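Working notes for the structure below.
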Amino acid sequence: MKFSLRSVSQRGGRLATISELGRHGDKTVTTPMCLVFTQAGTIPHLTNDMVQKLGKHAYPVHLPLPLLLESHEILQKYSNGIGDFLALKHHLLYLSVQDSTIRPPEGFNEKSFVSLWGRSGRLNVDVDKFMSVQEAFKPDWYQALCDSDAGKVGSRKRAHKSVERTLAYLDRCLEKHKESEVLRHSCIFGSIEGGSVAEERELSAKETAKRPVAGFVLEGLDTNGPLDSVLPLCENGKKEIIQSILNELPDEKPRILHGPLDPANILAAVELGIDIFDSTYAFLVTERNAALTFCVSPDTESMASNVGKLQDSCNLQRNLYETSLTDKIFKDDFRPLVVGCQCYTCTNHTRAYVHHLVNVGELLGKTLLMLHNLYHFLRFFEVIQLALEEGTFEKLQNMIATRHCN
């Protein structure tokens, strides 16, 4: 894998390209970028034919392992890899250890294995089994096995243990990766652990940076959680912890941060120097029967700003970035979800129609919301890239913070 920095903004944001990655050595992607989140190998609420309506034919795909682990033996027999099996062979595939939309039970990891939670319950995964899964799945790049269970407010002792275990897992993964002929085109990313203890995070970053990994995953920052969770970088010292981690990492390798980050927190993470994110936030907004309505460019008119002009007595459920479509105020609103948005939902359907679908529980409601939210979210990353290229990143931050377009 080749990571080429094109520019670094005054505020720290990095514009770069990734090429020569995995099975798709001819593909090039630009960072900051968003991995399209999947569950059990599919984008939630979307069939393959609906996915084509996104108009993004080469987006990188994020495959969390927990709901795929039980398919390991099937993929071994299939032998062509998970990309071909899931009709995703034209996409870059990234395999992560955990699903950042689910908080797994704490206290089940051991020195020799990590516990994942699939459809049938607890599954213990040691390094041998983990690397066997990688050989069966054949991803373009993957996160090395790690112990991210340092507790929500973990002790220094537990944080240190997570660092030691993760480094031990990484060393064994690297040995087996080097020996594997099947994985010769795949890249391995090391995980930075240590819970909320800054000293342990720095130790993890320093030691992981010494290993021959292609990049880094900032793991265990409590991004795993329920539908209403968002990772706030400016609370509980997380921003300072991330900065201390990045200070120990080389500039010439990409950094991944999983989890449901809202637009302001994504921009804060980009400013710190994070390169790769996932679309779990767009998925969780869909699960709440809401639409992403923040402005991503002067060509789109935010629904939230329109609705904000209405009387407070409407009791509308909304926040800075999303608007709930369950409110009766939309029953006679025949505008698109976001005026100017070019997604399939906004060009073919109205707020009133989507409101009706979600209120009667039609499956099509979440399908249309997911199409819009994912399109909107991916468009946001295109705007971030453009802002970094043109030197207008600070203006974008101000626009997102104030919810209106200038």
Side-chain angles (χ1 to χ4, degrees), residues 33-39 42-57 59 61-62 101 227-228 230 260-263 266 277-308 316-327 329-384 399-400 403-405:
M33 73 174 180
C34 179
L35 305 171
V36 175
F37 171 75
T38 65
Q39 284 189 325
T42 62
I43 301 175
H45 307 299
L46 300 182
T47 58
N48 279 345
D49 60 324
M50 294 302 292
V51 169
Q52 302 307 313
K53 298 183 184 300
L54 284 172
K56 305 273 182 186
H57 300 298
Y59 53 80
V61 173
H62 174 200
T101 65
L227 296 184
D228 59 349
V230 172
L261 281 80
D262 64 28
I266 286 173
F277 304 83
D278 62 41
S279 65
T280 49
Y281 180 72
F283 163 62
L284 294 181
V285 170
T286 302
E287 292 297 281
R288 295 193 284 268
N289 288 319
L292 288 175
T293 53
F294 64 95
C295 276
V296 294
S297 78
D299 299 324
T300 59
E301 181 182 354
S302 167
M303 184 205 293
S305 63
N306 291 336
V307 172
L316 188 66
Q317 299 179 38
R318 62 187 176 89
N319 64 19
L320 289 173
Y321 312 112
E322 64 186 83
T323 305
S324 173
L325 268 295
T326 60
D327 199 282
I329 194 172
F330 295 118
K331 67 178 182 179
D332 295 316
D333 191 336
F334 299 102
R335 292 172 294 173
L337 298 180
V338 174
V339 177
C341 176
Q342 297 301 307
C343 77
Y344 174 82
T345 302
C346 288
T347 55
N348 290 277
H349 301 289
T350 66
R351 301 174 187 180
Y353 182 56
V354 178
H355 162 77
H356 163 72
L357 293 175
V358 297
N359 276 347
V360 298
E362 284 283 355
L363 296 178
L364 182 58
K366 278 195 166 61
T367 296
L368 293 178
L369 282 174
M370 191 66 190
L371 278 171
H372 166 75
N373 289 338
L374 192 51
Y375 180 95
H376 199 79
F377 206 59
L378 293 174
R379 170 64 179 148
F380 177 50
F381 278 86
E382 293 175 358
V383 171
I384 293 174
M399 186 188 79
I400 293 299
R403 284 189 297 160
H404 60 77
C405 302

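For clarity, every value in this text was computed on a predicted model and none was experimentally measured. Hydrogens, waters and symmetry mates are skipped; everything else that's a heavy atom, side chains included, is used.
Ring orientation note: the planes of Tyr344 and His349 are nearly perpendicular, at an angle over 60° on the 30°/60° scale. Using a 30° and 60° split on the angle between ring planes, Phe37 and Phe283 fall in the tilted class, from 30° to 60°. Ring geometry for Phe377 against Phe380 counts as tilted: the plane angle lies between 30° and 60°, on a 0 to 90° scale. Taking the six-membered ring where tryptophan is involved, the planes of Phe294 and Tyr321 are perpendicular, since the angle between them exceeds 60° and thus also 30°.
Within the 4.5 Å cutoff, the side chain of Leu374 has heavy atoms near those of the Ser279 side chain. Within the 4.5 Å cutoff, no side-chain heavy atoms of Asp333 are placed close to those of Thr350. Contact annotation: the side chain of Ile43 approaches that of Tyr59 to within less than 4.5 Å [non-hydrogen atoms, C-beta and beyond]. Between Val51 and Thr42, the closest side-chain pair of non-hydrogen atoms is not below 4.5 Å. Counting heavy atoms from C-beta outward, Leu371 and Leu46 have side chains that approach closer than 4.5 Å. Side-chain contact between His372 and Cys346 is present, with at least one heavy-atom pair separated by less than 4.5 Å.
Looking only at distances, a side-chain donor or acceptor of Thr38 sits under 3.5 Å from a matching main-chain atom of His62. The closest donor-acceptor contact from the side chain of His356 to the backbone of Lys331 lies at 3.5 Å or more, if one exists at all. Here the side chain of Arg351 pairs a donor or acceptor atom with the backbone of Pro336 at under 3.5 angstrom.
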Notebook entry, point to check: Can you list the steps and then say if Lys366 with Val358 is a side-chain contact (heavy atoms from CB on, under 4.5 Å)?
Noted result: CA-CA 7 Å; Lys366 278 195 166 61; Val358 297; 5.7 Å; no
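A donor atom on one side chain and an acceptor atom on the other are not found under 3.5 Å apart for Thr326 and Asn289. Between the side chains of His45 and Gln39, not a single donor N or O lies within less than 3.5 Å of an accepting N or O.
No option in Val285, Leu364, Thr286 other than Thr286 meets the side-chain contact (heavy atoms from CB on, under 4.5 Å) test with Leu369. Tyr281 pairs with exactly one of Leu261, Ile266, Asp262 by the side-chain contact (heavy atoms from CB on, under 4.5 Å) rule, that one being Asp262.
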